[in-house]
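Predicted, not measured: the structure shown is a model, and the values here were computed from it. The figures that follow rest on heavy atoms only: side chains count, while hydrogens, waters and symmetry mates do not.
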Amino acid sequence: ELTSSRRIRLHRHIGEAIEVGSGTDMPIEALAYHFSEAASDGQAANAVDYAVAAGRRALDRLAFEEAIAHLERGLGA
């Protein structure tokens with residue numbers, strides 16, 4: 001029932017809250033998701049950075065399909 005602009009802003013706020021509250025052990029995958037959903041609200045750079053980081057983390061675990069999904073999300077941003 002949210003408008004698309006409200007949903008986008010909420011994703012931005014959630015991503016920002018995760019960044020502030022996570023300290024050194026950030027949930028990169030969640031940040032990649034929320035900032036990619038907020039890319040049109042000035043968060044494209046964050047979306048790309050976190051998508052690449054999440055993709056690399058997935059590659060380290062040999063989770064190739066997950067890595068592709070993260071990197072495609074970054075490209076979309």
Which residues satisfy the side-chain hydrogen bond (donor to acceptor under 3.5 Å, both in side chains) test with [X], sequence neighbours excluded?
{"X": "R7", "value": "E37"}
{"X": "N46", "value": "Q43"}
{"X": "R61", "value": "E66"}

Give the minimum heavy-atom separation between [X] and [Y], together with the two atoms involved.
{"X": "V48", "Y": "A77", "result": "CG2-CB, 4.1 Å"}
{"X": "S40", "Y": "I8", "result": "OG-CD1, 3.4 Å"}
{"X": "A39", "Y": "A47", "result": "CB-CB, 4.4 Å"}

Applying ring-ring contact (aromatic ring centres under 6.0 Å, His included) to H34 and not counting sequence neighbours gives H11

Output for pair (L10 CG, T3 OG1), nearest 0.5 Å, gives 8.5 Å

So ring-ring contact (aromatic ring centres under 6.0 Å, His included) across residues 40-76, not counting sequence neighbours, yields F35-Y50

Sequence neighbours excluded, the answer for side chain to side chain contact (heavy atoms under 4.5 Å, CB included) partners of A67 is A58, L59

Determine, stepwise, if the pair I18 / M26 fulfils side chain to side chain contact (heavy atoms under 4.5 Å, CB included).
-> CA-CA 8 Å; I18 292 171; M26 288 202 261; 5.7 Å; no

